[in-house]
Amino acid sequence: MAEILIDYVREEYEDAVLESHSRLGNDTVVVDKDAVPDVIQFLKDDDRCKMNLLRQISCVDYDNRHPRFEVVYVLYSLQHKHMLLVRAPVPEDDCEVPTISHLYRTAGWLEREVWDMYGVTFDGHPDLRRVMMYEEFEGHPLRKDYDKQDGQPRTEFLSRERDSVEEFNIYVKDRDAAGSRDE
Amino acid sequence: MAEDVSPTIDQDIHTEPMLLQMGPSHPATHGTVRFNLTMDGETIVKCDTEIGYLHRGFEKESEHSTWNQVFPYTDRLNYVSPLLNNFGYALAVEKLLELDVPPRCKWIRTLMGEISRLTDHLTATGASALELGAMSAFLYCIEGREILWDLVEQVTGARLTVSYGRVGGLRDDLPENFEEDWEYVRERLYEIHEEIRTLLSRNRIFLDRTQGTGAIDPETAIDWGFTGPILRSAGVDYDVRKDHPYFMYDEVDFDVPVGETGDNYDRYLVRLEEIIQSIRIIDQCLEKMEPGPVTADDPRVVLPEKDDVYNTIEGMINHFKLVFEGIQVPAGEVYSYTEGSNGELGFHIVSNGTGKPWKVGIRSPSMIHMGGIHELLEGGMLADIIPTFDTINMIGGECDK
């Protein structure tokens, strides 16, 4: 039923649509990454589509395929009760997609997560910071070339044995507490 | 001398916004989330939410497990309603396999899922009552949760980390005396529901703390991707169980409660009504359920009977292959969604045709709610964070993945 959505996108953005398919209840259009904001703006505003709920922005790392990444936008219309997946292939050497944070306010938050986990940057995003990981973290953990065991301890304490009394005295007792009033 | 004092009081006192850190281990931010608040007196000017303190790498870990080994990890997403996560994930993988499960399995999934929803709503209601000072309402809620967890324990063998779902079915059928035990639990739940309602719904302190605080209008809620009780409290009747029925939700009769103002009190009322609706669904499930198998008849997916494993070579090889190599899920991708207790729970699953998932992406409602929670907090008072955060019911495991 909702395959008609694919036709609407094809009609409107013939050049941008690279591919489309409908399988397992998921209707999907694959579009050129530079056209993502335009296509989603159309899907959001058009009366026949009215995709007002952005369910999820996800990303897949295909590792050995070219282009390596694919960013997946899951759009839903609360009015017409239909769903469409918009996918945008992103090559590794040009890891950048235009942001859609001006269209949905939740998009900014979800794009931050995709950047944190996969390292795909979003051009024009007002505040691209890490969400799950801490600021000092290096790399992007959900990339296939990031090893699962590759931990990054938060402090220098973690690599040392701290549970002895001596260690405790060195690291805790001998050091002035922050904001200490001692001269 | 009085003239000397008054001019200094009339002077404009220079004030600066105060920065306040709330969390990650504040007693009211159960789960670990940190708010960096900019305060003007007691009013919140700006709120910056920081999550990730409970990040365990669910998605990374899943990529290194076989399809069935992911179930224990899904238990630890929303640990107050683990069965809903189990079944949501199982449904997603079954969509990819294009596998249909037997009707009894669907009935049990509907039933046990609603039991999980009950435990979640009781916990959320009880915790919000407790943090507003209503200890007795909390104890009633927890009693309800305990007797429900006793039921869950009978069925699954565990209270919290159940791992009851399987791809293509369930671990086991319901025990024989389940229906009689449910009779008792249902009567007690109605009593508890009545107690909570009389204790809280017309309680002056509770009303003052919850009415008009943390309010959100439907447009903003949709824009921020809110789903579940939060969106319904704002007046949008979106419920995946009703709009896109899965399992046996199209066979049972239930109502979707909808609020008006989207404030904390409405969210509390929506949850309270959903408790009644869940009890109704469970009753209908038990009534309409027919005896039969609970796992699909498909040796590619479902483990063989233990008798066959020990006594036949085919059974043993089948068991060995399924355990060591995992279910061979055909290559493809699917986004599957169910109604979790806090909102829409989606799984974006990618398979490359091997025994391990290539990607298990999760749309966790709590994480998306945390992205927009500042909309509910900004402009309010510091003390309003506590009821708002309680009725949002953020679950750390689900939010931080």
Side-chain angles (χ1 to χ4, degrees), chain A residues 21 23-28 44 52-65 70 72-74 76-79 81-85 87 103-114 116-118 127 129-135 137 141-144 146-151, chain B residues 48-61 63-64 92 94-98 218-227 231 236-238 240 242-244 332-337 343-344 346-350 352 358-359 361-364 367-372 375 399-401:
Chain A
H21 52 86
R23 192 171 168 258
L24 307 169
N26 288 177
D27 301 304
T28 311
K44 190 188 178 194
N52 52 357
L53 182 71
L54 177 70
R55 273 176 164 169
Q56 169 74 315
I57 300 178
S58 183
C59 182
V60 191
D61 178 2
Y62 291 103
D63 202 9
N64 44 14
R65 196 195 283 181
E70 235 171 64
V72 186
Y73 302 83
V74 186
Y76 182 75
S77 164
L78 288 170
Q79 205 175 334
K81 314 275 183 211
H82 53 211
M83 179 171 86
L84 184 71
L85 273 70
R87 306 176 68 102
L103 299 175
Y104 300 93
R105 276 185 274 182
T106 188
W109 179 253
L110 294 167
E111 283 173 352
R112 274 174 66 183
E113 196 207 350
V114 170
D116 187 3
M117 291 295 160
Y118 288 95
D127 183 22
R129 280 179 292 145
R130 288 190 183 271
V131 176
M132 294 292 174
M133 295 296 148
Y134 42 90
E135 272 173 53
F137 194 89
L142 276 181
R143 284 190 173 201
K144 287 285 175 184
Y146 190 95
D147 191 68
K148 194 181 80 163
Q149 301 297 343
D150 203 357
Chain B
D48 185 32
T49 317
E50 244 179 61
I51 62 166
Y53 290 93
L54 211 62
H55 183 65
R56 295 138 303 157
F58 164 76
E59 296 181 11
K60 190 78 178 173
E61 205 70 50
E63 289 170 11
H64 293 81
E94 281 155 15
K95 272 188 187 168
L96 213 49
L97 281 160
E98 297 184 73
E219 286 75 31
T220 319
I222 292 168
D223 213 17
W224 277 108
F226 288 2
T227 45
L231 186 62
V236 183
D237 63 339
Y238 172 59
V240 182
K242 211 56 161 182
D243 294 331
H244 304 278
E333 303 197 11
V334 72
Y335 177 80
S336 162
Y337 47 99
E344 185 188 300
F347 282 97
H348 176 226
I349 293 188
V350 184
N352 62 343
W358 185 255
K359 178 196 163 81
I362 173 179
R363 180 217 194 267
S364 53
M367 192 217 152
I368 290 177
H369 294 161
M370 281 304 110
E375 287 284 337
C399 176
D400 295 344
K401 302 186 183 178

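Proteins come first, then strands; the chains are lettered A, B, ... in the order of their sequence lines, and each starts at number 1.
At a 4.5 Å heavy-atom cutoff, the contact between Arg87(A) and chain B is made by side-chain atoms alone. Leu24(A) touches chain B through backbone and side chain together, each having a heavy atom under 4.5 Å away. The contact between Thr227(B) and chain A is made entirely by side chain atoms (from C-beta outward), counting heavy-atom distances below 4.5 Å. Proximity to chain B (any heavy atom under 4.5 Å) is restricted, for Asp61(A), to the backbone atoms N, CA, C and O. Using a 4.5 Å cut-off between heavy atoms, Leu97(B) makes no contact with chain A at all. Residue Leu96(B) touches chain A through both its backbone and its side chain, counting heavy-atom pairs closer than 4.5 Å. Contacts between Val131(A) and chain B at a heavy-atom distance below 4.5 Å involve backbone atoms as well as side-chain atoms. For Val350(B), the part lying under 4.5 angstrom from a heavy atom of chain A is the side chain only.
Relative to the ring axis of Tyr337(B), Arg55(A) places its NZ or CZ within 45° and under 6.0 Å from the centre.
The CG atom of Asn26(A) sits 7.0 Å away from the NZ atom of Lys95(B) when rounded to the nearest 0.5 Å. A distance of 7.5 Å separates NE2 of His21(A) from CD of Glu333(B), quoted to the nearest 0.5 Å. Residue Lys81(A) holds its NZ atom at 6.5 Å from NE2 of His244(B), rounded to the nearest 0.5 Å. Remark: Ser58(A) OG to Glu59(B) CD distance equals 7.0 Å, nearest 0.5 Å. Within the model, atoms CD of Glu113(A) and CE of Met367(B) stand 4.0 Å from one another, a figure rounded to the nearest 0.5 Å. If you take CG on Asp237(B) and CG on Leu78(A), they are separated by 9.0 Å, rounding to the nearest 0.5 Å.
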Can Val72(A) and His348(B) be said to form a side chain to side chain contact (heavy atoms under 4.5 Å, CB included), step by step? CA-CA 9 Å; Val72(A) 186; His348(B) 176 226; 4.0 Å; yes

Side chain to side chain contact (heavy atoms under 4.5 Å, CB included) between Arg129(A) and Asp48(B): does it pass, once the steps are laid out? CA-CA 12 Å; Arg129(A) 280 179 292 145; Asp48(B) 185 32; 3.4 Å; yes

Show, in sequence, the C-alpha distance, side-chain angles and deciding distance for Trp109(A) and Ile51(B), and conclude whether the side chain to side chain contact (heavy atoms under 4.5 Å, CB included) test is met. CA-CA 11 Å; Trp109(A) 179 253; Ile51(B) 62 166; 3.7 Å; yes

Determine whether Leu231(B) and Leu53(A) satisfy the following criterion, side chain to side chain contact (heavy atoms under 4.5 Å, CB included), listing intermediate values before the conclusion. CA-CA 11 Å; Leu231(B) 186 62; Leu53(A) 182 71; 5.6 Å; no

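At least one donor-acceptor pair closer than 3.5 Å links the side chain of Lys60(B) to the backbone N or O of Tyr146(A).
Taking Ile57(A), Leu103(A), Thr28(A), Val60(A) one by one and counting their heavy-atom pairs under 4.5 Å with chain B, the maximum is reached by Val60(A). Put simply, of Arg112(A), Arg130(A), Gln56(A), Lys148(A), the one with the most heavy-atom pairs under 4.5 Å next to chain B is Lys148(A).
The shortest side-chain heavy-atom distance between Arg105(A) and Glu375(B) falls under the 4.5 Å cut-off.
Checked for salt-bridge contact, Lys144(A) and Glu63(B) meet the test: a charged N lies under 4.0 Å from a carboxylate O. Electrostatic pairing of Lys359(B) and Glu70(A) does not count as a salt bridge here, judged by no charged N lying under 4.0 Å from a carboxylate O.
Aromatic rings from Tyr76(A) and Tyr238(B) are positioned such that their centres are separated by under 6.0 Å.
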